[in-house]
Amino acid sequence: MAIDPGAGSTRDYLATPVRRVVDRAMGFEQWRSARERAGLMPYAKYLIKPPRASTTLQYSDGRRFSGINFATQDYLSLASHPAVMTAATEAIQRFGVHSAGSTALAGNVHEALRLEAEISELLHTRHTLLFPTGWAAGYGVIRGLVRETDHVVLDVLAHNCLQEGAMAATRNLYRIRHRDLAMTRHRLSTIRAHDPANAIVVVTEGIFSMDADVPDLRAFQALCREYEATLIVDVAHDLGCMGPDGSGQIGVQGMLGEIDIVMGSFSKTFASNGGFVSCNSRAIKEYLRYYAPSNTFSNALSPIQIAVVQTALGIVRALEGEALRQRLHTAVVALRQGLSDEGLRLYGEPHAIVPMAVGSEAVARRATMLAARNDVLVNLSEFPAVPINESRFRLQVMATHEPDDCRAAAKLIATSVRQAEADIAADRSGRELEAA
Ligand SMILES: Cc1ncc(COP(=O)(O)O)c(C=O)c1O
């Protein structure tokens with residue numbers, strides 16, 4: 001049967017019963033390549049130029065498109081900052097290119113200690129442990145701390161690393177409606193009524209990237225204290241790029257030093273792979289070093305990555321960081337205004353990620369590729385990352401995006417979406433005519 005490249009999702013190939021695992025992969029590959037042949041596969045793009053405000057990407061079907069770039073994440077444009085690049089080359093002179101082991105053995109360069117202390121300073125915490133990636137930090141902090149008999153209460157939209165960590169740690173996993181305090185309270189009281197003996201961890205994020213919205217961190221933390229639960233907040237998308245001194249949503253909400261456990265990623269604002277867990281307990285830091293498998297059994301950050309993040313963090317905390325955050329905000333507001341003026345619907349609040357509603361998968365797939373043809377490079381989020389028929393562009397803005405370019409891009413995006421809607425409507429009426 002012919003595959004409709006505008007329909008279906010990765011979910012269709014997740015749990016198909018097969019005798020050999022390759023057969024499941026083959027099913028997916030047929031669908032993926034059908035999309036590619038139809039020119040509707042906007043994933044797995046390759047950078048031909050550095051990920052700056054405009055760039056060139058090669059799509060998986062081999063076509064190359066250049067234009068204004070909202071498809072990569074470098075919120076304060078620090079990946080191309082001269083001081084950051086110099087720090088990387090100087091680190092090579094000091095340590096070579098590799099840290100040859102996990103932090104539990106001998107893989108940490110001593111400069112990592114300084115970086116850990118500086119992250120603690122920014123967050124007003126006492127201790128920080130670095131992880132090889134943000135994903136490893138999110139997975140590891142839950143898998144490392146939670147045991148089978150414990151409980152995890154998790155926002156339904158929490159990032160994959162947190163979901164996977166929770167699923168690997170315990171079956172006592174409760175997903176709560178997005179940012180829903182009342183439901184969290186209900187869940188905590190029910191757990192405590194039946195199980196006074198085991199630990200509870202509550203997991204949320206500083207800002208959620210699919211919806212660009214924020215939870216009430218103060219209220220979540222108070223709730224956790226009331227029920228002797230531990231709060232974990234993932235600040236991947238907000239640390240560095242918003243808040244006083246770049247302290248993110250925790251700083252915005254006046255909660256510095258008061259969240260039980262903070263975890264984050266360097267890959268959005270700090271120009272490098274890497275992540276961290278930060279808290280006031282030395283015991284938790286050292287426990288995670290040996291019990292979080294994604295740290296214990298994985299190689300530490302390289303000396304280059306340590307130097308890059310440290311230099312980026314220095315900029316984030318300096319006046320220059322403040323200026324970059326202001327530029328980022330101006331660009332974000334220009335883009336959001338431009339898109340709204342075109343009648344497009346946006347999610348959430350002004351933040352480096354601008355999620356924009358597109359609609360059905362068929363329209364969204366076509367619109368994404370038309371946008372690339374119209375010189376705007378965007379990422380598509382579709383089911384199962386978001387609900388069915390609620391596909392959206394997840395536009396990632398950076399400090400070096402010029403407001404005028406953002407306004408121009410908004411018009412081109414609107415043209416692409418309208419064209420895609422018209423194409424899909426024409427296809428549908430063509431099929432209906434054929435069937436009649
Ligand atoms: C909320 C959140 N947490 C964690 C991660 C993982 O970070 P990294 O890319 O550094 O592994 C991401 C990245 O997509 C994220 O969005």
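Whatever order the structure lists ligands and atoms in, that order sets their numbers, starting from 1. Quick note: numbers below take in every heavy atom, side chains included, and nothing from hydrogens, waters or symmetry partners.
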Give the atoms of ligand 1, by number and element, whose distance to some non-hydrogen atom of [X] is under 4.0 Å.
X    : value
T133 : 11 (O)
S265 : 7 (O), 8 (P), 10 (O)
H237 : 1 (C), 15 (C), 16 (O)
A236 : 1 (C), 2 (C), 3 (N), 15 (C)
E205 : 1 (C)
W135 : 6 (C), 7 (O), 8 (P), 11 (O)

Q. Do the side-chain N and O atoms of R64 and Q58 include a donor-acceptor pair separated by under 3.5 angstrom?
A.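 On atom types as modelled, these side chains qualify, holding a pair under 3.5 Å.
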Q. For A364 and L380, which heavy atoms make the closest approach, and how far apart are they?
A. CB-CD1, 3.6 Å
Q. Does an N or O from D234, backbone or side chain, lie closer than 3.5 Å to an N or O of ligand 1?
A. yes
(Q) Please confirm whether the ring centroid of F65 lies under 6.0 Å from the ring centroid of Y59. (A)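 Ring-ring flag for F65/Y59: true, centres closer than 6.0 Å.
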Q: Mind checking whether A137 contacts ligand 1 via backbone (N, CA, C, O), side chain (CB onward), both or neither, at a 4.0 Å heavy-atom cut-off?
A: neither
Q | atom 9 (O) of ligand 1 [closest protein heavy-atom partner, distance rounded to 0.1 Å] | A |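 Nearest protein contact, heavy atoms only, for atom 9 (O) of ligand 1 is S267 OG, 3.1 Å.
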(Q) How far is atom 5 (C) of ligand 1 from the closest protein heavy atom, and which atom is that? (A)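 The closest heavy atom on the protein side is H159 CE1, 3.5 Å.
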Q) Can a salt bridge be assigned to the pair E118 and R317 using a cut-off of 4.0 Å between side-chain N and carboxylate O? A)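 Between R317 and E118 there is no salt bridge, as every charged N stays at least 4.0 Å from the carboxylate O atoms.
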Q: Check the angle between the aromatic planes of Y13 and W31 and answer parallel, tilted or perpendicular using the 30° and 60° thresholds.
A: tilted
Q.
Checking ring-ring contact (aromatic ring centres under 6.0 Å, His included) between F266 and each of F131, F276, Y75, which is the one that passes?
A. F276
Q: Test salt bridge (charged side-chain N to carboxylate O under 4.0 Å, His left out) on R365 and E361 and set out the steps.
A: CA-CA 6 Å; R365 287 170 194 172; E361 291 71 29; 5.9 Å; no
Q. Is there a heavy atom in K268 that sits closer than 4.0 Å to ligand 1?
A.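 True for this residue.
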Q. Among the heavy atoms of G275, does any lie under 4.0 Å from an atom of ligand 1?
A.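 It does not, in that no heavy atom of G275 comes within the 4.0 Å cut-off of ligand 1.
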**Q.** R392 to Y347, cation-pi by 6.0 Å centre distance and 45° axis angle
**A.**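 Checked: cation-pi criterion met.
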